[in-house]
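Below: the structure, in structure tokens.
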Amino acid sequence: MLNTMHTKLCLAAIAVAALAGCATSTKPGAVGVTRSQLLIVPASEVDAMALTDFSNQNQKAKSAGRLLTSGAEYNRVARIAKALQVQVPVFREDAKDWKWELALIDAPVLNATCAPGGKITFYTGLIRKLKLTDDEIAMVMGHEIAHALREHGRERMSQAKAAGGLTAIASVLAPAKGLEVAVASEASHYLFTLPNSRQHESEADTMGLELAARAGYNPRAAMSVWEKMAAESGGAGGPEFLSTHPADATRIASLTAMQPRVLPLYEAAARPEAAAGADAAKAPEAAKRPEAGKRKKAAKRKEAAKAQ
């Protein structure tokens, strides 16, 4: 009887927490994502588990000699990541203070993720095999960053907890130290392994397009990258990315329909290439300045000599 009453009290407490946990994690932006979310699992717990998973991943990659931290390929991906990060306050102000990190792993894996707290993982296989342009990299990365901003992983964990499917609920009903380990390993399952819902994918597509467009990357590349993904999935054992991000004609049609909402942002934004070109253009001009200064000084000395 006591166990039954305890269980009912716990479930009632969870129901109250669920009602209190309904909120939206982001601002609407220009694309207008405003859906209310169930977020009863503390963000601090999710961030801590995601950081542990990210650190373990990087340590394994480093030990295998596959973690890239410099070179042209790393610089290219890091430049795109930085440009997108500048735009995140459009959706949430606190994200600009996240401890953003990039892990570029040299492996023939067609995948990319962004863990809670701004931990981006990209695989060289995705870039090389699909021959991604900068615009296409920005579309994939913007999509993944949007998942993190929107806290879709935390939302899935909260839904599972409310439904009694997350191990954490068992720790409330029957506390045991071993369950803490189970919760930690289960977090990766909810954050990265489970397929994203159509709703989550639509939100990430929409917000990712806006982030990339504001950063000066052509949103039309969203269709081409998913077309490449869909073509790649035709073979046996398709890309790992597609196991959680299905690419189909409906998705590509939705991305096409979103273009009128984000193209004006792209057209108003400074192009990343233009910014780089401007710096390059300034370099020769700056190099001329010392010579011009020397000539002026020499002319003044001549004038002074004549006056004497």
Side-chain angles (χ1 to χ4, degrees), residues 46-47 49-85 98-148 152-153 184-196 200-201 204-205 208 211-212 217 221-222 224-247 251:
V46 177
D47 289 355
M49 289 185 282
L51 178 59
T52 298
D53 189 71
F54 184 74
S55 299
N56 290 340
Q57 162 204 272
N58 294 346
Q59 187 56 51
K60 289 178 183 176
K62 186 177 181 180
S63 298
R66 293 187 174 278
L67 185 65
L68 302 183
T69 57
S70 61
E73 199 165 25
Y74 177 84
N75 292 340
R76 180 190 182 199
V77 178
R79 171 173 49 81
I80 295 169
K82 187 174 181 180
L84 294 174
Q85 289 159 28
W98 285 359
K99 295 180 180 178
W100 292 89
E101 293 184 60
L102 170 66
L104 180 61
I105 299 177
D106 188 11
V109 177
L110 277 69
N111 201 16
T113 62
C114 182
K119 312 304 181 188
I120 301 170
T121 299
F122 237 79
Y123 289 85
T124 57
L126 183 65
I127 300 169
R128 295 171 188 171
K129 190 160 188 179
L130 299 186
K131 296 180 174 59
L132 297 184
T133 64
D134 283 9
D135 290 322
E136 289 170 337
I137 292 174
M139 294 305 121
V140 174
M141 193 179 291
H143 177 99
E144 292 306 307
I145 289 174
H147 276 308
H152 285 150
S185 62
E186 199 172 1
S188 180
H189 173 69
Y190 284 98
L191 291 173
F192 305 119
T193 307
L194 283 179
N196 292 297
H200 286 180
E201 284 299 281
D205 279 346
L211 284 173
Y217 294 101
S224 63
V225 74
W226 285 108
E227 286 166 357
K228 288 181 180 181
M229 288 280 194
E232 189 62 32
S233 68
E240 183 177 346
F241 193 76
L242 292 183
S243 66
T244 54
H245 300 73
R251 179 182 213 128

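- Judged by distance alone, the side chain of S55 and the main-chain N or O of T52 form no donor-acceptor pair under 3.5 Å.
- Ring geometry, H147 versus H152: the interplanar angle exceeds 60°, so the pair is classed perpendicular (tilted spans 30 to 60°).
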Exercise. Walk me through it: do Y217 and I137 pass the test side chain to side chain contact (heavy atoms under 4.5 Å, CB included)?
Key: CA-CA 9 Å; Y217 294 101; I137 292 174; over 6 Å; no
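- With rounding to the nearest 0.5 angstrom, the CD atom of E73 is 7.0 Å from the CG atom of D106.
- Taking CH2 of W100 as the start and CG of L84 as the end, the distance is 8.5 Å to the nearest 0.5 Å.
- Minimum interatomic distance between E144 and C114 (heavy atoms only, all atoms of both residues): O-CB, 3.3 Å.
- Considering every non-hydrogen atom in both E136 and K228, the closest pair reads OE1-NZ, 2.8 Å.
- Taken to the nearest 0.5 Å, the CH2 atom of W226 stands 5.0 Å off from the NE2 atom of H143.
- Contact record, A107 with R66: CA-NH1, 3.9 Å, taken as the closest heavy-atom pair.
- The existence of a salt bridge linking D47 and K119 is excluded, since no basic side-chain nitrogen approaches an acidic carboxylate oxygen closer than 4.0 Å.
- Minimum heavy-atom separation, Y74 to L102: CE1-CD2, 3.9 Å.
- Atom-to-atom distance recorded for L67:CG and L104:CG is 8.0 Å, nearest 0.5 angstrom.
- Across F54 and E101, no two heavy atoms sit closer than the pair CE2-OE1, 3.8 Å.
- In this structure, the side chains of Q57 and I105 come closer than 4.5 Å at one or more pairs of heavy atoms.
- Looking at N111, L132, V109 one by one, the single match for side-chain contact (heavy atoms from CB on, under 4.5 Å) with L126 turns out to be L132.
- Pairing each heavy atom of A212 with each of A138, the nearest pair is CB-O, 4.0 Å.
- Scored by the salt bridge (Lys or Arg N to Asp or Glu O under 4.0 Å) test, K129 finds E232 as partners (sequence neighbours excluded).
- For R76, the salt bridge (Lys or Arg N to Asp or Glu O under 4.0 Å) test picks out D134, with sequence neighbours left out.
- Atom CG of N75 sits about 11.0 Å away from atom CD1 of I80, to the nearest 0.5 Å.
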